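The structure under discussion appears below in the form of structure tokens.
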2 protein chains.
Amino acid sequence: MVNTLRTIPLFTVERLSIYLRTFRESLVEGMDFISSTEIGKRNDFTAAQVRKDLSCFGNFGIKGKGYNISELINTLETILGLDREWKVAIFGLGKLGGALASYKGLKNARFNVVAIFDVDPKKVDKTYKNIPVYHSDMLKKVVREKKIQIAIVAVPTDSAKATIQRILDAGIEGILNFTEARVPYPDEYIMKNINLAGELESISYYLIHSDR
Amino acid sequence: MVNTLRTIPLFTVERLSIYLRTFRESLVEGMDFISSTEIGKRNDFTAAQVRKDLSCFGNFGIKGKGYNISELINTLETILGLDREWKVAIFGLGKLGGALASYKGLKNARFNVVAIFDVDPKKVDKTYKNIPVYHSDMLKKVVREKKIQIAIVAVPTDSAKATIQRILDAGIEGILNFTEARVPYPDEYIMKNINLAGELESISYYLIHSDR
DNA sequence: TCCTGTGAAGTTCTTCACAGCC
DNA sequence: GGCTGTGAAGAACTTCACAGGA
């Protein structure tokens, strides 16, 4: 019984890329099939969790044998939308923005960085790693012309809120936010926040509050 | 009634840094008290959620008035362990490692990067932003001497697994992992994974599978 | 009147446990 | 014998709704 896509647990979605990575890894190792137990072992999930997650999208497993690795790679790529190219813009060409723009993993995964935005006159109207750098004032025009679908935000804290607001206004519906700013956004948009300080703070919390 | 620290929901811990940031922000705005409703509004949480989270640690609110901002900043800093200095090492001085080493937010938040590890002879035995760069072979010795407690891993994919294993072996109990590798670790350790490709993949998923 | 703190209810996610198939 | 798929049970988290204090 295939779950309708509407009711996939959020947590299942977050794990799909991990499964995909595991399948790719085991393909490289020369395996043909992999069991839910083995997938779980490699990622610290229970086998039941793995089976339940994958069963949301169809009955891919073969009883007594496991999951066909190359079949599942194709399936997961389609489910995740990696069968198409996504056009990405990076906002902020500081150290982090530059690192993200240079990151090979993006292009390999079909996330194609087609524009960088910054406000520094020394940076704009040039290219960085062959990617054109525009002044942020050009945002709406460039987004429309290049059909940009995903924004990665790596601007300084003090301009973060305004930048994100302008990205929302420009109609970019997918945002990966590396800043501390939190901005309300419409339901049909999706924003994911990565906060370095926050992650370290919760590590700090756990280091203090566990028995050791 | 104060919850014992043992039973704080994991999700509550993840939100504590967000509350702390909100309190700091409202202090800068000149506020003295802030209500759970306002905290929620700024972060897209329900007011009940905010109250329940904060009530895990004590009764900080004043009925009819809200939370005393400067008191809560101190309290949250103590709860999160930000009343002490943490010694951090960065593994991998590539673009991302360099960006993280330069990031001012770390030092301000009492996460002090005291060592960088890499294997490139052109980089080791020098300093980067005044931080000494060691060859990874020196890991155990440096960790012991400098009492490093937290590792940030930003090495290339192919050496990630081995690097993380060596960090675990060296006894660093807090790890922030920017690589795709997933390595099992003992219960008393804490590892948080940040996976750029994974985040973009789930954004991709949601862009496809929402009604628009 | 405003806002907190919190049991109780509701929702979402995870694990169990086993029938069924290879 | 090994492994999947899945209802049912259990655990974890969130929201409701209201008593009670400032």
Side-chain angles (χ1 to χ4, degrees), chain A residues 1-16 18-19 22-23 26 31-69 71-72 75-76 79 187 202 205-206 209, chain B residues 1-16 18-19 22-23 26 31-69 71-72 75-76 79 187 202 205-206 209:
Chain A
M1 168 74 118
V2 180
N3 203 326
T4 70
L5 289 175
R6 241 164 271 285
T7 63
I8 307 293
L10 295 174
F11 288 77
T12 297
V13 175
E14 304 294 315
R15 283 186 292 266
L16 290 182
I18 298 176
Y19 296 137
T22 307
F23 284 121
S26 49
M31 299 167 68
D32 291 325
F33 285 81
I34 186 170
S35 69
S36 58
T37 310
E38 177 61 23
I39 297 172
K41 205 173 286 169
R42 294 187 183 207
N43 297 289
D44 205 23
F45 303 146
T46 65
Q49 175 92 86
V50 174
R51 292 200 298 277
K52 196 131 227 171
D53 282 343
L54 294 177
S55 75
C56 289
F57 301 97
N59 294 3
F60 303 120
I62 295 174
K63 303 188 182 197
K65 219 171 168 195
Y67 297 89
N68 179 316
I69 290 169
E71 182 196 339
L72 260 289
T75 305
L76 283 178
I79 292 171
D187 274 354
S202 57
Y205 174 91
Y206 289 117
H209 294 103
Chain B
M1 172 74 121
V2 180
N3 204 328
T4 72
L5 290 175
R6 242 163 272 284
T7 61
I8 306 293
L10 295 174
F11 287 76
T12 296
V13 175
E14 303 294 314
R15 283 186 293 266
L16 291 182
I18 299 177
Y19 296 138
T22 307
F23 284 120
S26 50
M31 298 167 69
D32 292 325
F33 284 82
I34 187 171
S35 68
S36 58
T37 310
E38 177 63 22
I39 297 171
K41 206 173 284 169
R42 294 186 184 206
N43 296 290
D44 205 23
F45 302 146
T46 65
Q49 175 91 86
V50 175
R51 292 199 298 276
K52 196 135 227 167
D53 282 343
L54 294 177
S55 76
C56 289
F57 301 96
N59 294 2
F60 304 121
I62 295 175
K63 302 189 183 195
K65 216 168 170 196
Y67 297 89
N68 179 315
I69 290 168
E71 181 195 340
L72 260 289
T75 305
L76 283 178
I79 292 170
D187 275 354
S202 58
Y205 174 90
Y206 289 117
H209 295 101

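These figures come from a predicted structure and were not determined experimentally. For the numbers below, each heavy atom of this structure counts, side chains included, while hydrogens, waters and symmetry mates do not. Here is how names work: the chains are called A, B, and so on, in the same order as the sequence lines, proteins then strands, and each is numbered from 1.
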For this session: Could you tell me whether the phosphate oxygens of D:dG2, OP1 or OP2, come under 4.0 Å of any side-chain nitrogen or oxygen in A:Tyr67?
Result: no

Exercise. For A:Ser36 and D:dC3, is the shortest distance between a side-chain N/O and OP1 or OP2 below 4.0 Å?
Worked result: no

Please state how far atom [atom1] in [X] lies from atom [atom2] in [N], giving the value in whole angstrom units.
| X | N | atom1 | atom2 | result |
| --- | --- | --- | --- | --- |
| A:Asp32 | C:dC22 | CG | C1' | 16 Å |
| B:Phe33 | C:dT4 | CZ | P | 11 Å |
| B:Asn59 | C:dC3 | CG | P | 18 Å |
| A:Phe60 | C:dC22 | CZ | C1' | 19 Å |
| A:Ile69 | D:dC3 | CD1 | C1' | 15 Å |
| A:Leu54 | D:dC3 | CG | C1' | 13 Å |
| A:Ile39 | D:dG2 | CD1 | P | 18 Å |
| B:Asn43 | D:dT14 | CG | C1' | 16 Å |

Side chain to side chain contact (heavy atoms under 4.5 Å, CB included) involving [X] - partner list, sequence neighbours excluded:
| X | value |
| --- | --- |
| B:Ser35 | B:Thr37, B:Glu38 |
| B:Asn43 | A:Arg182, B:Ile18, B:Thr22, B:Ile39, B:Phe45 |
| A:Glu14 | A:Lys192, B:Ser202, B:Tyr206 |
| B:Asn68 | B:Phe33, B:Ser70, B:Glu71 |

Exercise. With a 4.5 Å limit on heavy-atom distance, are the side chains of B:Leu72 and B:Leu54 in contact?
Worked result: yes

Exercise. In the 5'-to-3' direction, what one-character label does each nucleotide of nucleotides 17-22 of chain D receive under the scheme B = base within less than 4.0 Å of a protein heavy atom, S = sugar-phosphate only, - = no such atom?
Worked result: B--BBS

Problem set entry | With sequence neighbours excluded, residues passing side-chain hydrogen bond (donor to acceptor under 3.5 Å, both in side chains) with B:Tyr67 | none

Exercise. Sequence neighbours excluded, which residues qualify as side-chain hydrogen bond (donor to acceptor under 3.5 Å, both in side chains) partners of A:Thr12?
Worked result: A:Asp53

For this session: Would you check, one step at a time, whether the test side chain to side chain contact (heavy atoms under 4.5 Å, CB included) holds for A:Phe57 with A:Leu76?
Result: CA-CA 9 Å; A:Phe57 301 97; A:Leu76 283 178; 5.6 Å; no

Give me, pair by pair, the N or O atoms of the protein and of nucleotides 10-14 of chain C that are less than 3.5 Å apart, along with how far apart they are.
residue, atom, partner, partner atom, Å
C:dC13, OP1, A:Leu10, N, 3.4
C:dT14, OP1, A:Arg15, NH1, 3.0
C:dT14, OP2, A:Arg15, NH2, 2.8
C:dT14, OP2, A:Gln49, NE2, 3.2

Problem set entry | Partners passing salt bridge (Lys or Arg N to Asp or Glu O under 4.0 Å) against B:Arg51 (at least two apart in sequence or in another chain) | none

